[in-house]
Amino acid sequence: MVTTPAPHPQAPPKPTWDPRDPVRPLLRPTIRIRLTLLYGGMFLIAGILLLSIIYLFTAQALSDSTSQLPFKVVNGTVQPTTSWCRLPESPTGDQLNDAVTLCLRHQSDLALDDLLRRSLFALLGLSIIAFAFGYAMAGRVLSPLGRITRTARQVAGSDLSRRIELDGPDDELKELADTFDEMLDRLERAFTAQQRFVANASHELRTPLAINRTLLEVHLSDPGAPVELQQLGKTLLATNERSEQLVEGLLLLARSDNQIIERKPVDLAEVAERGVDQVHAEAEAKDVEIRGERAPAVVQGNGVLLERIALNLLQNAVRYNVPEGGWVEVTTEAKDGQAVLVVSNTGPVVPAYEIDNLFEPFRRLRQERTGSDKGVGLGLSIARSVARAHGGRIIAEPREGGGLVMRVTLPI
């Protein structure tokens with residue numbers, strides 16, 4: 001039975017204008033125009049409301065001031081009606097006019113004070129409403145930016161299949177989202193091509209090296225082979241082994257550059273123990289003591305890659321050590337929400353300016369690049385790449401008296 005794949009959801013329509021065209025439509029609904037209209041309209045509405053409230057308060061104050069005079073005329077005599085309006089007992093015409101004017105002025109001042117107090121309360125209430133409404137509207141206008149940010153974070157987790165697919169008006173945010181989607185399409189194609197290349201290179205490079213190793217081992221197993229041929233075979237076998245290590249390191253470095261999608265609980269103490277077991281024989285041959293306490297420190301990640309960090313650091317610590325009486329200290333702990341792996345060792349004095357160079361591919365101490373039996377120069381590069389893929393980091397510090405202190409911190 002043949003099943004047809006489910007159709008993909010239809011993407012929102014593309015802008016009706018070309019973003020690369022310098023001549024833009026005049027009526028294009030840009031963010032600037034929308035924000036101008038939005039906040040200009042809000043300011044206009046708030047002004048109208050405030051003006052209307054002040055008008056009502058003023059009308060009420062005038063009505064109160066004219067309906068309730070501070071004095072009254074009784075039988076041809078002017079008598080005050082409030083405690084603050086004082087009139088002379090036997091006033092002359094001018095004295096009475098002055099006293100009435102003072103009373104009316106004081107009443108006007110009281111009305112203005114009351115109007116100012118009410119207007120301030122109205123302004124405070126409108127300000128609160130305006131800020132709340134403006135905050136809500138700004139969040140609505142800028143919500144596409146939050147969607148773009150969330151998609152970018154998902155893409156940062158190596159999920160290149162995510163797309164924004166923003167709908168809405170053809171404004172600057174729509175243009176940004178569409179451009180970001182086009183960039184993600186190109187990145188996804190590039191990463192897919194890289195993964196395909198890594199898979200093909202893995203097969204194409206490993207196969208001939210494995211055939212060469214097999215042929216060399218077969219010839220070396222022949223007891224009748226001349227001594228010169230056996231010596232040449234051993235040299236070629238060592239060279240072939242070095243090439244295999246180089247290929248494995250390059251492939252691992254290419255794979256570890258991406259974030260780890262499938263994560264499982266991994267104890268750094270167990271990872272360190274496995275690394276110690278693998279370098280134990282080499283450490284004994286070089287008279288290097290391995291010590292240190294390893295407390296449980298569980299992280300979420302890929303156990304194989306994390307084991308590679310410990311193994312690479314331990315191999316470097318053993319190989320770049322003093323000729324006699326050297327030691328390597330390996331400790332693990334959980335501290336401040338992070339798992340910490342520390343590998344310190346005795347060894348030659350490392351200048352501080354050489355630390356950053358040690359993490360570059362094919363770089364070793366003293367600028368050794370070829371002809372070394374200590375590795376292919378990818379160990380620390382792989383360790384740093386794996387640590388970054390797990391959201392952590394690795395720091396190297398020169399140790400007083402010689403050697404290095406390598407500190408790996410990973411989020412728990």
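Numbering of residues begins at 1 and proceeds along the displayed sequence. Just so it is clear, the structure is predicted and the values come from calculations on it, not from any experiment.
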Please enumerate all residues that pass side chain to side chain donor-acceptor pair (under 3.5 Å) together with [X], with sequence neighbours excluded.
X	answer
E397	none
E188	R163
R189	none
D267	none

Closest heavy-atom contact between A272 and A310? CA-CB, 4.2 Å
Taking distance alone, no hydrogens or angles, what donor-acceptor pairs closer than 3.5 Å link side-chain atoms of residues 403-412 to residues at least two apart or in another chain?
none

H390 side chain near V299 side chain, heavy-atom distance below 4.5 Å: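 A side-chain contact is absent here, since even the closest heavy-atom pair is not under 4.5 Å.
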Going by the side chain to side chain donor-acceptor pair (under 3.5 Å) test, which pairs reach into residues 336-347, not counting sequence neighbours? N321-T346
Review item, side-chain donor-acceptor pairs of residues 119-134, under 3.5 Å, at least two apart:
unit_1, atom_1, unit_2, atom_2, d
S119, OG, L115, O, 2.8
S127, OG, L123, O, 2.7

Just to verify, what does I45 make a side-chain contact (heavy atoms from CB on, under 4.5 Å) with, not counting sequence neighbours? L49
For T207, side-chain contact (heavy atoms from CB on, under 4.5 Å) partners two or more places apart: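 Testing T207 for side-chain contact (heavy atoms from CB on, under 4.5 Å), a comparison that skips the adjacent residues, returns H203, I211.
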Determine which pairs satisfy salt bridge (charged side-chain N to carboxylate O under 4.0 Å, His left out) with at least one residue from residues 37-59, sequence neighbours left out, and list them in order. none
Partners meeting salt bridge (Lys or Arg N to Asp or Glu O under 4.0 Å) with R274 (sequence neighbours left out):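 Testing R274 for salt bridge (Lys or Arg N to Asp or Glu O under 4.0 Å), a comparison that skips the adjacent residues, returns E270, E307.
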Which residues pass the salt bridge (Lys or Arg N to Asp or Glu O under 4.0 Å) test with E282, sequence neighbours left out?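 Checked E282 against salt bridge (Lys or Arg N to Asp or Glu O under 4.0 Å); matches are R319.
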How many angstroms lie between atom CZ of F57 and atom CG of L116, to the nearest 0.5 angstrom?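 Between atom CZ of F57 and atom CG of L116 there are 11.5 Å.
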